[in-house]
Participant: 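Have a look at this one.
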Amino acid sequence: MQNSTRVMENVLKWEQPDVVIYTGDDLSVSSGTRKELLKFDTSYPLSLSKFGPDGIHGLTNYYLTLYNNCNAQNPSWILYFLDSGGGTYPELVYDDQIDWFKNVSSEIKHIYGSIPSLTFLHIPSTEYENLYQQSLCFGMDDDDVSPQINPNQLLTVLTAFGNTKAVFVGHDHGNDWCCPFAGGLMVCYGRHTGYGGYGE
């Protein structure tokens, strides 16, 4: 964790980004648990990472509201984060997580109306398989899609319930493509950063 911390501290100092979103393999932990890693992440004063609700699968199922300015009454965007497992955990988004997403997005729509959203998770759903077509997509396609272990129609749910404009995953480090999906959803890989594609 020390190498990853040092690298990210330098990147943040040099780049001064407005936001940094981790979708998975950005930090490697030689010892410790996912809870300890999240506790470490949330110890930074500007971290917006959260522990998700109890009673459903996954540790990091949560959302953030973005506002155009400090005086805005309604959010302009919603960012959803879903824990898709990995490591010693099964690589999938469970039905109870999808139900949580449906409930939260419906509640937000009831309060604020239809607000655009982005969704982030690490491991692509099975719907990512065979989606890349060079004529319709843009970005690098340099890796096979390694999807979650069970189909769950996640992209269809994101389109139907969350007014989601795009979904971003990691996991397959050679890919950074975006492709159109039904309902105007853009299905994307985030750009890989780190020491290399895989391993050290």
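Computed from a predicted model, the values in this text were never measured in an experiment.
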Participant: Report yes if the side chains of L136 and P180 come closer than 4.5 Å at any heavy-atom pair, otherwise no.
Facilitator: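 Counting from C-beta outward, L136 and P180 do come under 4.5 Å.
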Participant: What about I78 and L154, same hydrophobic cluster or not, with Ile/Leu/Val/Met/Phe/Trp/Tyr joined at side-chain heavy-atom distances under 4.5 Å?
Facilitator: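 Yes, same cluster.
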Participant: Would a distance-only check, ignoring hydrogens and angles, find a side-chain to backbone donor-acceptor pair under 3.5 Å from D83 to L59?
Facilitator: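 Present.
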Participant: I would like to know whether S84 and E91 meet side chain to side chain donor-acceptor pair (under 3.5 Å); could you show each step before the answer?
Facilitator: CA-CA 6 Å; S84 57; E91 296 182 345; over 6 Å; no
Participant: Any donor-acceptor pair under 3.5 Å linking the side chain of D141 with the backbone of Y132?
Facilitator: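 Pair absent, no side-chain N/O of D141 close to backbone of Y132.
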Participant: Could you walk me through whether K109 and I115 pass the side-chain contact (heavy atoms from CB on, under 4.5 Å) check?
Facilitator: CA-CA 7 Å; K109 186 173 184 178; I115 295 176; over 6 Å; no
Participant: Locate the shortest heavy-atom distance separating N61 from Q97; write the atom from each residue and the value.
Facilitator: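 Looks like OD1-NE2, 2.8 Å.
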Participant: Applying the 4.5 Å side-chain criterion to the ILVMFWY set and letting contacts propagate, would Y94 and I149 be lumped into a single cluster?
Facilitator: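 Yes, same cluster.
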Participant: When rounded to the nearest 0.5 angstrom, what distance separates OG1 in T60 from NE2 in H122?
Facilitator: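 Answer for the OG1-NE2 pair, T60 versus H122, is 11.0 Å.
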Participant: A quick test of your reading: do over 12 heavy atoms of other residues, nucleotides or ligands sit less than 6.0 Å from CG of D95?
Facilitator: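 Open.
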Participant: Between F101 and F161, does the ring-ring contact (aromatic ring centres under 6.0 Å, His included) criterion hold? Intermediate values first, please.
Facilitator: CA-CA 8 Å; F101 173 83; F161 282 84; 7.4 Å; no
Participant: Using the rule given for side-chain contact (heavy atoms from CB on, under 4.5 Å), can you reason through F181 versus M186, listing the C-alpha separation, both sets of side-chain angles and the distance that settles it, and then say yes or no?
Facilitator: CA-CA 6 Å; F181 191 74; M186 289 302 292; over 6 Å; no
Participant: OG1/T156 to CG/L185 distance, rounded to the nearest 0.5 angstrom?
Facilitator: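 Going from the OG1 atom of T156 to the CG atom of L185 covers 9.0 Å.
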Participant: Could you please spell out the steps behind the side-chain contact (heavy atoms from CB on, under 4.5 Å) verdict for Y89 and H57?
Facilitator: CA-CA 10 Å; Y89 294 86; H57 288 90; over 6 Å; no
Participant: Under 3.5 Å, which donor-acceptor pairs link side chains of residues 64-71 to any protein atom two or more places apart or in another chain?
Facilitator:
from : atom 1 : to  : atom 2 : distance (Å)
N68  : OD1    : S76 : OG     : 3.2
N69  : OD1    : N71 : N      : 2.8
N69  : OD1    : A72 : N      : 2.9

Participant: Taking the side chain as everything from C-beta on, heavy atoms only, tell me whether N175 gets closer than 4.5 Å to M140.
Facilitator: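 The answer is no; the side chains never approach within 4.5 Å.
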Participant: Would you check, one step at a time, whether the test side-chain contact (heavy atoms from CB on, under 4.5 Å) holds for L38 with F51?
Facilitator: CA-CA 8 Å; L38 185 55; F51 284 89; 3.5 Å; yes
Participant: Taking side chain as C-beta onward, heavy atoms only, is D144 less than 4.5 Å from D172?
Facilitator: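 Counting from C-beta outward, D144 and D172 never come under 4.5 Å.
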Participant: Is a side-chain donor or acceptor of S106 paired with a backbone partner of N103 at a separation under 3.5 angstrom?
Facilitator: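 Judged by distance alone, no pair lies under 3.5 Å.
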Participant: Kindly indicate whether the side chain of Y80, heavy atoms from C-beta on, has any atom under 4.5 Å from the side chain of S105.
Facilitator: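 Counting from C-beta outward, Y80 and S105 do come under 4.5 Å.
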Participant: Are the aromatic ring centres of Y128 and W177 under 6.0 angstrom apart?
Facilitator: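 Ring centroids of Y128 and W177 are less than 6.0 Å from each other.
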Participant: Below 4.5 Å, heavy atoms only, C-beta onward: do K165 and W77 meet side chain to side chain?
Facilitator: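 SC-SC contact between K165 and W77 confirmed.
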Participant: Would you call the rings of W100 and Y63 parallel, tilted or perpendicular, taking 30° and 60° as the class edges?
Facilitator: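 Rings of W100 and Y63: tilted, 30 to 60°.
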Participant: For L46, look at atom CG and say whether over 12 heavy atoms of other residues, nucleotides or ligands are found less than 6.0 Å away.
Facilitator: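 No, the 6.0 Å shell around CG holds no more than 12 heavy atoms from other groups.
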Participant: Given 3.5 Å as the limit, does a donor-acceptor pair link the side chain of Q148 with the main chain of I123, or not?
Facilitator: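 It does hold such a pair.
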Participant: What's the shortest heavy-atom distance between S43 and F40, and which atoms?
Facilitator: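 Taking every non-hydrogen atom into account, OG-O, 2.5 Å.
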Participant: Measure the OG-CG distance between S125 and L155 for me, rounded to the nearest 0.5 Å.
Facilitator: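 Answer for the OG-CG pair, S125 versus L155, is 3.5 Å.
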Participant: So how far is it from L37 CG to T42 OG1, rounded to the nearest 0.5 Å?
Facilitator: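 Reported to 0.5 Å precision, the distance equals 9.5 Å.
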Participant: Answer whether the closest heavy-atom distance between the side chains of T164 and L118 falls below 4.5 Å.
Facilitator: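 No - every pair of side-chain heavy atoms lies 4.5 Å or more apart.
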Participant: Is there a side-chain contact between Y62 and S49, using heavy atoms and a 4.5 Å cut-off?
Facilitator: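 They are in side-chain contact.
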Participant: So do C137 and C178 have their SG atoms closer than 2.5 Å?
Facilitator: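 No, C137 does not link to C178 through a disulfide.
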Participant: Hydrophobic clustering (ILVMFWY, side-chain heavy atoms < 4.5 Å, transitive) - are L121 and L92 grouped together?
Facilitator: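 Not linked; separate clusters.
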Participant: So which atom in G170 and which in P124 form the shortest heavy-atom distance, rounded to 0.1 Å?
Facilitator: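 For G170 versus P124, the nearest heavy atoms are O-CD, 4.3 Å.
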Participant: Report the C-alpha distance between S117 and N163 in whole Å, list the side-chain angles of each, state the deciding distance to 0.1 Å, and finish with yes or no for side chain to side chain donor-acceptor pair (under 3.5 Å).
Facilitator: CA-CA 6 Å; S117 66; N163 196 23; over 6 Å; no
Participant: Can you tell me if D176 uses its side chain to pair, donor with acceptor, with the backbone of Y189 under 3.5 Å?
Facilitator: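 No; zero donor-acceptor contacts below 3.5 Å.
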Participant: Rounded to the nearest 0.5 Å, how far apart are CD1 of I98 and CD of Q153?
Facilitator: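 Answer rounded to 0.5 Å: 9.0 Å.
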